[in-house]
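Everything on this sheet refers to the single structure shown next.
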Amino acid sequence: MIDVPGTLSSGQVFLWRHVGVFWYVIDGQNILKVDDTGVIDATRTITDFFRCGDDIDRMHESFAQDPLLTELIHRYEGLRITNQNLFQCVISFIVSANSNIPRIRRNLQDICHRFGDKTAYDDIAFCLFPTPAVLAGTDTHHIRECGVGYRAQHIQGASAAIRDGLCDGIDRMSYKEAQGTLCEMPGVGRKVADCILLFSCGHLEAVPLDRWIIRVMHEHYGIGDGTTPHTTRQYDILHDDVRDRLGPYAGYAQQYLFKMARNNSEKPLKW
DNA sequence: TGTTGACCTGG
DNA sequence: CAGGTCAAC
């Protein structure tokens, strides 16, 4: 069973709307229609957005020696890792850098409204995510008008790289190979790359080390010092330690821990 | 290789 | 400060 609202609001995916009993998810040039059981229809292709093939039972077993994760998989039962459109995922997490979730959502919505094709589905108006070619051909001055600030340059550069085929065949690359490819794009460092590797390339060993996770790993596991790594080498060392500790489903574990950290935070979450 | 700051925007 | 990245010492 999938916890659809819980998954959609877990900070992996930003462009979704709740209308009546359905959720509509913008995924590149595709719109997914989702109910509480999962994807039931789409404008283009029905994709396995919620990764229904993942062996959740096996994941539970791999967490058996970890009391915290064992508790969290029950508290947040049904939380999934998503499988998103690559380009939209790249831009989403470039936009996320040094920002916050309410603003990330607003920025991405603005990008769709200004540069994406308008369409209708179930008599509801939507704007699709723009194509790489469109954003690559847009002056950074106009991209900035979406409120993304200095990231506009990165968005344009990454769009051009993808339009020119940089990421072709990335699904067949190893974790390290794909990481190297992704990090060639402006605005994509280790953390953003891990988000893309996990949410779009199916690498469950990818663990995005953001401020929240770094804090949790220090406080609950005694790994790292709780401060954000500032060099790639530092990030890699910490990543190896975290991955070793969380196991083969480290990416899932990260998502549970991220959810916990945010839910325990002082301020009420703004969705 | 390691260290330091700047960087758009808005809550 | 916020789900980092980049570039100049």
Side-chain angles (χ1 to χ4, degrees), chain A residues 6-16 79 81-82 84 88-111 114 138-161 179-200 206-219 224-239 242 246 250-271:
Chain A
T7 299
L8 293 179
S9 61
S10 67
Q12 336 175 25
V13 49
F14 305 95
L15 296 176
W16 48 269
L79 176 63
I81 293 295
T82 58
Q84 311 177 209
Q88 184 178 322
C89 190
V90 168
I91 302 304
S92 295
F93 288 98
I94 285 176
V95 165
S96 79
N98 201 20
S99 186
N100 54 76
I101 293 182
R103 180 153 83 110
I104 297 165
R105 291 184 56 131
R106 203 170 49 244
N107 291 164
L108 292 172
Q109 282 166 185
D110 284 353
I111 287 173
R114 293 183 74 88
T138 301
D139 193 282
T140 57
H141 174 70
H142 294 303
I143 299 178
R144 259 182 189 265
E145 289 170 6
C146 297
V148 296
Y150 59 86
R151 303 168 192 79
Q153 203 84 226
H154 301 160
I155 291 170
Q156 201 227 33
S159 298
Q179 176 185 71
T181 301
L182 292 169
C183 288
E184 286 182 38
M185 293 186 281
V188 180
R190 284 294 196 271
K191 189 270 170 180
V192 169
D194 267 331
C195 290
I196 301 162
L197 288 161
L198 180 59
F199 304 137
S200 220
V207 185
L209 298 179
D210 57 51
R211 295 181 149 96
W212 295 95
I213 294 303
I214 287 163
R215 207 172 307 161
V216 169
M217 291 315 295
H218 173 64
E219 289 172 3
D225 61 7
T227 67
T228 306
H230 217 274
T231 66
T232 61
R233 185 177 147 66
Q234 221 176 141
Y235 185 100
D236 287 345
I237 293 171
L238 185 58
H239 188 278
V242 169
L246 299 180
Y252 267 95
Q254 169 272 158
Q255 207 58 35
Y256 285 100
L257 294 168
F258 182 75
K259 189 115 182 159
M260 175 193 73
R262 285 185 58 78
N263 284 175
N264 290 164
S265 77
E266 301 288 329
K267 359 178 199 179
L269 305 178
K270 293 172 189 170
W271 292 100

How far apart are the closest heavy atoms of A/Ile101 and A/Gly11, and which atoms are they?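 Closest approach of A/Ile101 to A/Gly11: CD1-CA, 4.3 Å.
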Shortest non-hydrogen contact between A/Gln254 and A/Ile213, atoms and distance: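 Closest approach of A/Gln254 to A/Ile213: O-CD1, 3.4 Å.
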Below 4.0 Å: OP1/OP2 of [N] and any side-chain N or O of [X]:
X        : N      : answer
A/Arg190 : C/dG4  : no
A/Arg106 : B/dG11 : yes
A/Arg103 : C/dA2  : no

Of the candidate nucleotides [options], which contains the atom at the shortest distance from the side chain of [X]?
X        : options             : value
A/Tyr150 : B/dG2, B/dC8, C/dG3 : B/dC8
A/Asp210 : C/dG3, B/dT9, C/dG4 : C/dG3
A/Arg211 : C/dG4, B/dT9, C/dC6 : C/dG4
A/Ile101 : C/dC6, C/dG3, B/dC7 : C/dG3
A/Arg233 : B/dC8, C/dT5, B/dT1 : B/dT1

Check if the side chain of A/Lys191 and the base of C/dG3 share a donor-acceptor pair of N or O atoms closer than 3.5 Å.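 Side chain to base: pair found, below 3.5 Å.
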Indicate, yes or no, whether a donor-acceptor pair under 3.5 Å links the base of C/dG4 to the side chain of A/His154.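 No pair found.
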Given that A/Met185 and A/Gln254 both sit by DNA chain C, which one's nearest nucleotide is further toward the 5' end?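 This one resolves to A/Gln254.
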Taking the nucleotide of DNA chain C with the nearest heavy atom to each, does A/Pro186 or A/Cys195 sit closer to the 5' end?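 Final value for this comparison: A/Cys195.
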How long is the line joining [atom1] of [X] and [atom2] of [N], in whole Å?
X        : N      : atom1 : atom2 : value
A/Ile94  : B/dC8  : CD1   : C1'   : 15 Å
A/Ile104 : C/dA2  : CD1   : C1'   : 9 Å
A/Asn98  : B/dG11 : CG    : C1'   : 14 Å
A/Gln234 : C/dT5  : CD    : P     : 13 Å
A/Met260 : C/dG3  : CE    : P     : 15 Å
A/Phe14  : C/dG3  : CZ    : C1'   : 8 Å
A/Gln179 : C/dT5  : CD    : P     : 11 Å
A/His239 : C/dG4  : NE2   : C1'   : 15 Å

Is it the case that the side chain of A/Arg105 and the backbone of A/Pro102 share a donor-acceptor pair, with hydrogens and angles ignored and the cut-off at 3.5 Å?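 Checked: no pair found.
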Look at the side chain of A/Asn107 and the backbone N and O of A/Cys146, then say whether any donor-acceptor pair between them is shorter than 3.5 Å.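 Pair found, side chain donor or acceptor close to backbone of A/Cys146.
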Looking for any heavy atom pair under 4.0 Å, which part of the strands does [X] touch: base, sugar-phosphate only, or nothing?
X        : answer
A/Val192 : sugar-phosphate
A/Thr231 : base
A/Phe93  : nothing

Please name all residues satisfying side chain to side chain donor-acceptor pair (under 3.5 Å) with A/Arg144, sequence neighbours left out, ordered by chain then number.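 Counting only residues at least two positions away or on another chain, A/Arg144 forms no side chain to side chain donor-acceptor pair (under 3.5 Å).
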Is it true that, when you exclude A/Gln153 itself, more than 12 heavy atoms of the residues, nucleotides or ligands shown sit nearer than 6.0 Å to its CD?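 It does not: A/Gln153 CD has 12 such atoms or fewer within range.
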Parallel, tilted or perpendicular: ring planes of A/His154 versus A/Tyr150, cut at 30 and 60 degrees: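 Geometry flag for A/Tyr150 against A/His154: perpendicular rings.
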Find the distance between CG (A/Asp236) and CG (A/Leu238) and round it off to the nearest 0.5 Å.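 A/Asp236 atom CG to A/Leu238 atom CG measures 9.5 Å (nearest 0.5 Å).
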May I ask you to check whether A/Ser200 and A/Gln84 show a side-chain donor-acceptor distance below 3.5 Å?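 Checked: A/Ser200/A/Gln84 side chains show no N/O donor-acceptor pair below 3.5 Å.
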Determine the interatomic distance between P on B/dG5 and the same-named atom on C/dG3; round to the nearest Å.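 Taking atom P in both B/dG5 and C/dG3, they lie 23 Å apart.
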Provide the distance between the two P atoms, one in C/dA8 and one in B/dC8, to the nearest whole Å.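 So the two P atoms sit 14 Å from each other.
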Once pairs are restricted to Watson-Crick or G-U wobble with both distances under 3.5 Å, how does DNA chain C read as a dot-bracket string, [ ] for crossings and | for other-strand pairs? ||.||||||
